Enquirer: 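First, the structure itself, so that you have it in front of you.
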There are 2 protein chains.
Amino acid sequence: MRPTLQTVADAVGVSRSTVSNAYSRPDQLSTDLRDRILSAARDLGYAGPNPTARSLRRGRAGAIGVLFTTGLSYAFSDPYAVQFLRGLAESVERHDTGMLLIPMSNTDEEASARAVADAVVDGFCVYCVPEWHASLAAMRDRQLPVVTTEIRDDHRGDEIQVGIAERPAMAAAARHLHALGHRDVAVLIADMAPATAAGPLRVDSPDAIRYYVDRERAHGVAEVFPWAEVTLINAAGNSRGAGAAAAAHVLDRAERPTAILACSDVLALGALDAVAARGLRAGADISVTGFDDVPEAARAGLTSVRQPSVSKGALAGELLLENKRETADRRVLLPTELIVRASTGPAPSRS
Amino acid sequence: MRPTLQTVADAVGVSRSTVSNAYSRPDQLSTDLRDRILSAARDLGYAGPNPTARSLRRGRAGAIGVLFTTGLSYAFSDPYAVQFLRGLAESVERHDTGMLLIPMSNTDEEASARAVADAVVDGFCVYCVPEWHASLAAMRDRQLPVVTTEIRDDHRGDEIQVGIAERPAMAAAARHLHALGHRDVAVLIADMAPATAAGPLRVDSPDAIRYYVDRERAHGVAEVFPWAEVTLINAAGNSRGAGAAAAAHVLDRAERPTAILACSDVLALGALDAVAARGLRAGADISVTGFDDVPEAARAGLTSVRQPSVSKGALAGELLLENKRETADRRVLLPTELIVRASTGPAPSRS
DNA sequence: TTGAAAGCGTTACCAG
DNA sequence: CTGGTAACGCTTTCAA
């Protein structure tokens, strides 16, 4: 049998409490005794206080659960996600807390729900999970603090929210294109619902778009361009490849749009790939905008809507772990900014 | 106070065990009683069995800890890491297990060590952590099953190992270049130790390289080219930007090497960026090879050493969670293959 | 099909 | 500075 605190206590001839103190409160006992206990523990092969037992007793798991969609491609392949996660990791670490990754399977929602129910955590951070996913219900059942990256009007209970104003942010990009004379634009969304086909999509209103972020950003475009004249393309995934494939759908048309607004930089970078592959010049023959302003965007000269990804993650962690009481502190709107680069330019005159 | 199993049991007028069964063994009681219990639980606001308590009692944490270096850039920004992680996630999920991310801070090793000591997990997966890191000692103290992605001769205890033969894999790339007539080559390593300066590095033997993977791959190069004639460049980070900056160091020399062997694809892609930025043609003016064969490599026409990243992760998870007994099953060598693309070509004749 | 009892390994409190 | 006592919330025999 594995040695426990008791084993060590017996060996040294002290009580459990003292051994416990030797590990968790070094100042509560003489250095001498502490050393004796620690070395006895080593000799006995005691692995240190059992974290599970400690958690139970302390009433603190020492970790937060991170729910994120696996989508068609793995979420972390988006640099934006990586940055968000880094911010989250930093603040979580400062609170001596870990991150339990809970990938949301799209094929087996029940498995994910079970994972959520069994997660040894003190709270959850939800990131890009479709609102209909079974695991979200399971999460609410846990009645733990929750932070989301979506600022929603239908504020669910007391979820903490940290995010950006999606519509105006995207509208800024749309307005930029409009000012450049563009009138015929396409919007690239990532819709990662299972079994969605990539390709053009015809919906009467942005409201019909399933994912919150896609939907809101589409609304932003609709604020500037009449929705009926906008071409909506579903990339069915959030990756560079998916973006390229989706862009191909409109680039190869006889009457191609003069601009493409992508809902993420990875999609936009893919669109640029497709543009280049056809020998077209971005910013001249066709304009492309992205969203997030990831490092690659700068390198590629991509006009993009910048959002503070790292801070978003850091704040999410901070708010979740400090669990502020005042509602004002539980909803943070972060600023965005349109960064104009070479990928956008005046609309070419139609032939 | 929060309701517990007992609260529900009292309310319904049954024993704790019955309520427990209602959740964990639905077949052990009548549907009727079960429904009564579950609805009472809902009314009382009972959040379901406490995962921590359950873990303690069952002796199973239901998660594995993933140790990875944060390096200078966040580890997941390497597509290779993402693929590995995806494989790991898949097999871990199949075992109804979660993944607890434990980033290894380079600036505060003790914090990481504490995180490892407190992690509620059943085992660890170590991925790209420098061997001297304090957290590894903390991990061994836990005496839990461990899987590494390095096949080492100094086989540490009974760690499970799944990896590739690093030297021969890299030697294949070197041999390919040698056959093309290259004699003056540079090697790009990622060495992410804290406070390392990027730039050329002069070491008497690959043995002096700190990171296992860098070291072994350098050895592979040394099997083909006399080490004294190889230029070693430290990118001090594993990112595209770091690769570009590192490559610049040799590209701007009067006598630049005719080929660059990068220890990862992201570094190689960065090198290609640097090559292109100087108006040089990869595969003609200078050859570049990568390692991993991530999707971007194909897109960029990069010659690379392919390794089965996803399977590596999947196998790591599998072996860790099944915890096979026989030593033969605890060490898996995965195949690699050199994929030749346009980024390598005959060595240009020296002017 | 249900219930009673016995822990799982720790930490917190309070007395000495 | 040290030790006894009482939880923490659950699962698991085993017997009824």
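None of these values were measured; they are calculated from a predicted model. Lettering of chains follows the sequences in order, A, B, ..., and the numbering in each one begins at 1.
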Enquirer: Does the salt bridge (Lys or Arg N to Asp or Glu O under 4.0 Å) test come out yes or no for A/E159 and A/R140, once each step is laid out?
Expert: CA-CA 10 Å; A/E159 290 183 3; A/R140 296 203 191 91; 3.5 Å; yes
Enquirer: Taking the side chain of B/R16 as heavy atoms from C-beta outward, which of C/dG7, C/dT10, C/dG3 is closest to it?
Expert: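 Taking heavy atoms from C-beta onward, the closest nucleotide is C/dG7.
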Enquirer: For A/L334 and A/I164, work out which heavy atoms get closest and say how close.
Expert: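 A/L334 and A/I164 have their closest heavy atoms at O-CG2, 3.7 Å.
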Enquirer: If you measure only the distance, is there a donor-acceptor pair under 3.5 Å linking the side chains of A/R54 and A/S24?
Expert: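 Yes.
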Enquirer: State, to 0.1 Å, how close A/A61 and A/D122 come at their nearest heavy-atom pair, and which atoms those are.
Expert: N-OD1, 2.6 Å
Enquirer: Going 5' to 3' along DNA chain D, between which two nucleotides do contacts with chain B fall, using a heavy-atom cut-off of 4.0 Å?
Expert: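 Range of nucleotides touched by chain B: D/dG9 to D/dT12.
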Enquirer: With a 4.5 Å heavy-atom cut-off, do B/I160 and B/V332 have their side chains touching?
Expert: no
Enquirer: Is B/R2 atom CZ crowded by more than 12 heavy atoms from other residues, nucleotides or ligands, each under 6.0 Å away?
Expert: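 Above 12, so yes.
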Enquirer: With under 30° as parallel and over 60° as perpendicular, where do the rings of A/Y127 and A/Y80 fit, or are they tilted in between?
Expert: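 Because their plane-to-plane angle lies in the 30° to 60° range, the rings of A/Y127 and A/Y80 count as tilted.
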Enquirer: Run the ring-ring contact (aromatic ring centres under 6.0 Å, His included) check on A/Y23 and A/Y46 step by step: do they pass?
Expert: CA-CA 12 Å; A/Y23 281 97; A/Y46 175 59; 5.7 Å; yes
Enquirer: Any carboxylate oxygen within less than 4.0 angstrom of a Lys/Arg side-chain nitrogen, looking at B/E131 and B/R152?
Expert: yes
Enquirer: Could you pick out which residue, A/T4 or B/N21, lies toward the 5' side of DNA chain C when each is mapped onto its nearest nucleotide?
Expert: B/N21
Enquirer: Quick check on contacts: within residues 41-63 of chain A, what sits under 4.0 Å from DNA chain D by heavy-atom distance?
Expert: A/L56, A/R57
Enquirer: Under a 4.0 Å N-O cut-off, is there an ion pair linking A/E318 with A/R94?
Expert: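 Here A/E318 pairs with A/R94 in a salt bridge, since their nearest N and O are under 4.0 Å apart.
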Enquirer: Once hydrogens and angles are ignored, does a donor-acceptor distance under 3.5 Å link the base of C/dA4 to the side chain of B/S17?
Expert: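 Side chain to base: pair found, below 3.5 Å.
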Enquirer: Within the pair A/S20 and C/dT10, is there a side-chain N or O less than 4.0 Å away from OP1 or OP2?
Expert: no
Enquirer: Contacts to DNA chain D from residues 24-36 of chain A, heavy-atom cutoff under 4.0 Å, which residues?
Expert: A/D27, A/Q28, A/L29, A/S30, A/L33
